[in-house]
Novice: 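One structure is given below, represented as C-alpha cells, and several questions about it will come after.
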Amino acid sequence: MAHPYYPAGNPRFNHVAMSLPADLLGEESRSDICSFFEEVLGFEEMAVMTEDRRRLILSCVHWDQFIFLISEDDPMKCPQMDHYGFAVNSLDDLKGIQQRAEAFRKKDDRLKLIDLHMDDQGVVKIHSLYVSHILPMTCEVQYWEFPENPKPYVPAATAG
C-alpha cells in the first residue's frame, strides 16, 4: 500500500552526492575511481557528463540511480563509517561483491573492506559488507533475508 502522501507509489532514493578535491577528478584518479566502481559493483561512468577535474557521475546499474561527484575547494570530509547504502536481491549477489572487492584489493591497497557479516534481528537477517575506495564515504551493501520461521527479536540488553 502506498503512503498517503505518495499515491502514485512510494519514493525511493536516486542518488548520493559528494564533493572532492579537483585532483581526485583529474584523469588518473578519475580512472582509478571508475575502475573500482565498474569492477566491484558494476557501475559505469556516464562519460557524456564527465568534466575533467570538475564532475564525475557513476550510473548505479540504472540511469536514474547514480553517484554524483563534484569538485569543491572545501571538499567533503567525514568519518570512515559515514556511508550510503545499496540493497541487492540475493546473498549470492552480496558474496559476489565480496569476492570482487577482495580481488580488486590485491591490485589496489586503497580499497578498504569490512567483510560480509550478518545481523540476526529474528524477523530479518541483515547480511552486509562495507567497501570504500578513494571517496570520502563508505558504501554499505545489504541483503535482507526473511526466514520462513523467524525467531522472536530479543533486544541485546535483555538477551541472556
Side-chain angles (χ1 to χ4, degrees), residues 1-20 22 24-25 30-31 33-72 74-101 104 111-156:
M1 179 188 301
H3 187 279
Y5 292 176
Y6 308 101
N10 291 331
R12 61 185 181 83
F13 287 103
N14 80 321
H15 72 277
V16 62
M18 290 178 247
S19 59
L20 303 173
L24 287 181
L25 293 173
R30 194 175 66 243
S31 177
I33 291 168
C34 289
S35 291
F36 161 74
F37 278 98
E38 285 181 26
E39 293 177 36
V40 176
L41 297 171
F43 299 174
E44 295 181 358
E45 175 184 8
M46 298 174 89
V48 69
M49 300 297 291
T50 297
E51 292 182 33
D52 188 49
R53 299 181 49 81
R54 168 118 173 80
R55 179 175 65 202
L56 171 62
I57 301 174
L58 299 160
S59 172
C60 304
V61 182
H62 193 268
W63 63 268
D64 73 342
Q65 295 177 313
F66 55 94
I67 298 170
F68 185 92
L69 305 174
I70 190 86
S71 66
E72 291 289 340
D74 185 20
M76 177 181 197
K77 297 170 190 74
C78 60
Q80 180 180 349
M81 289 310 296
D82 281 4
H83 64 276
Y84 56 99
F86 288 97
V88 295
N89 294 310
S90 77
L91 186 54
D92 285 342
D93 287 353
L94 192 56
K95 288 177 179 178
I97 293 169
Q98 170 96 23
Q99 292 167 348
R100 291 187 300 274
F104 190 91
L111 183 137
K112 295 181 181 112
L113 177 66
I114 297 175
D115 290 336
L116 180 60
H117 57 282
M118 188 261 296
D119 180 14
D120 190 344
Q121 297 289 324
V123 297
V124 63
K125 293 179 180 181
I126 303 172
H127 303 265
S128 63
L129 60 78
Y130 295 84
V131 62
S132 65
H133 179 262
I134 299 178
L135 302 185
M137 290 184 78
T138 296
C139 178
E140 179 183 15
V141 187
Q142 297 182 334
Y143 167 65
W144 287 33
E145 175 187 0
F146 294 93
E148 285 186 36
N149 299 308
K151 63 182 183 181
Y153 174 70
V154 178

Novice: Check step by step if side-chain contact (heavy atoms from CB on, under 4.5 Å) holds for Lys95 and Leu116.
Specialist: CA-CA 7 Å; Lys95 288 177 179 178; Leu116 180 60; 3.8 Å; yes
Novice: Compare all side-chain heavy atoms of Gln98 with those of Leu113 and state whether any distance is below 4.5 angstrom.
Specialist: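 Yes, at least one pair of side-chain atoms sits under 4.5 Å.
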Novice: Restricting to side-chain hydrogen bond (donor to acceptor under 3.5 Å, both in side chains), what partner residues turn up for His83, sequence neighbours left out?
Specialist: Glu140
Novice: How close do Gly42 and Val61 get, heavy atom to heavy atom, and via which atoms?
Specialist: O-CG2, 4.1 Å
Novice: Would you list the pairs meeting salt bridge (charged side-chain N to carboxylate O under 4.0 Å, His left out) in which at least one residue belongs to residues 123-134, sequence neighbours left out?
Specialist: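 Found none.
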Novice: Looking at Thr138 and Gln80, would you say the former's side chain and the latter's main chain have a donor-acceptor pair under 3.5 Å?
Specialist: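 It does hold such a pair.
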Novice: Nearest heavy-atom pair of Ile33 and Leu24: which atoms, and what distance?
Specialist: CD1-O, 3.6 Å
Novice: Minimum heavy-atom separation for Pro147 to Glu145, with atom names?
Specialist: CD-O, 3.2 Å
Novice: With sequence neighbours excluded, tell me which residues meet side chain to side chain contact (heavy atoms under 4.5 Å, CB included) with Ala22.
Specialist: Arg53, Ser71
Novice: Taking salt bridge (Lys or Arg N to Asp or Glu O under 4.0 Å) as the test, write out the residues that go with Asp93, two or more places apart.
Specialist: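 Scan of Asp93 (salt bridge (Lys or Arg N to Asp or Glu O under 4.0 Å), adjacent residues dropped) gives none.
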Novice: For Ile114, which residues count as a side chain to side chain contact (heavy atoms under 4.5 Å, CB included) partner, sequence neighbours excluded?
Specialist: Met81, His117, Tyr130
Novice: Going through the distances and angles, do Glu45 and Arg30 end up as a side-chain contact (heavy atoms from CB on, under 4.5 Å)?
Specialist: CA-CA 10 Å; Glu45 175 184 8; Arg30 194 175 66 243; 4.2 Å; yes
Novice: With Glu51, which residues qualify under side chain to side chain contact (heavy atoms under 4.5 Å, CB included), at least two apart?
Specialist: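 Checked Glu51 against side chain to side chain contact (heavy atoms under 4.5 Å, CB included); matches are Arg54, Arg55.
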Novice: Could you measure the distance from the NE2 atom of His127 to the CG atom of Leu91? Nearest 0.5 Å is fine.
Specialist: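 Nearest 0.5 Å value for the NE2-CG distance: 5.0 Å.
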Novice: Name all residues meeting the side-chain hydrogen bond (donor to acceptor under 3.5 Å, both in side chains) criterion together with Asn89; count only those two or more places apart in sequence or in a different chain, and write none if there are none.
Specialist: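 Applying side-chain hydrogen bond (donor to acceptor under 3.5 Å, both in side chains) to Asn89 gives none.
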Novice: Find out whether Phe66 and Leu58 are in side-chain contact, i.e. whether some heavy atom of one side chain is under 4.5 Å from a heavy atom of the other.
Specialist: no
Novice: Just wondering, do Tyr143 and Ile97 contact through their side chains at under 4.5 Å, heavy atoms?
Specialist: no
Novice: I'd like to check the salt bridge (Lys or Arg N to Asp or Glu O under 4.0 Å) partners of Asp64; sequence neighbours left out, ordered by chain and number.
Specialist: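 Once residues adjacent in sequence are excluded, the partners of Asp64 under the salt bridge (Lys or Arg N to Asp or Glu O under 4.0 Å) criterion are Arg12.
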Novice: Listed by chain and number, what are the salt bridge (Lys or Arg N to Asp or Glu O under 4.0 Å) partners of Asp74, not counting sequence neighbours?
Specialist: Lys77
Novice: List the atom of Met137, the atom of Ser132, and the distance in Å for their closest heavy-atom pair.
Specialist: O-CB, 4.3 Å
Novice: Applying salt bridge (charged side-chain N to carboxylate O under 4.0 Å, His left out) as the test, list every pair that has at least one member in residues 79-92; sequence neighbours left out.
Specialist: none
Novice: Who are the side chain to side chain contact (heavy atoms under 4.5 Å, CB included) partners of Tyr5, not counting sequence neighbours?
Specialist: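 Per chain and number, Tyr5 pairs via side chain to side chain contact (heavy atoms under 4.5 Å, CB included) with His3.
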Novice: Can you see which heavy atom on Pro136 is nearest to which on Leu20, and at what distance?
Specialist: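 The answer is CD-CD2, 3.3 Å.
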Novice: Taking ring-ring contact (aromatic ring centres under 6.0 Å, His included) as the test, write out the residues that go with Phe104, two or more places apart.
Specialist: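 ring-ring contact (aromatic ring centres under 6.0 Å, His included) check on Phe104 returns Phe36, His133.
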Novice: Which heavy atom of Ile70 sits nearest a heavy atom of Leu25, and at what distance?
Specialist: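 Minimum heavy-atom contact is C-CD1, 3.6 Å.
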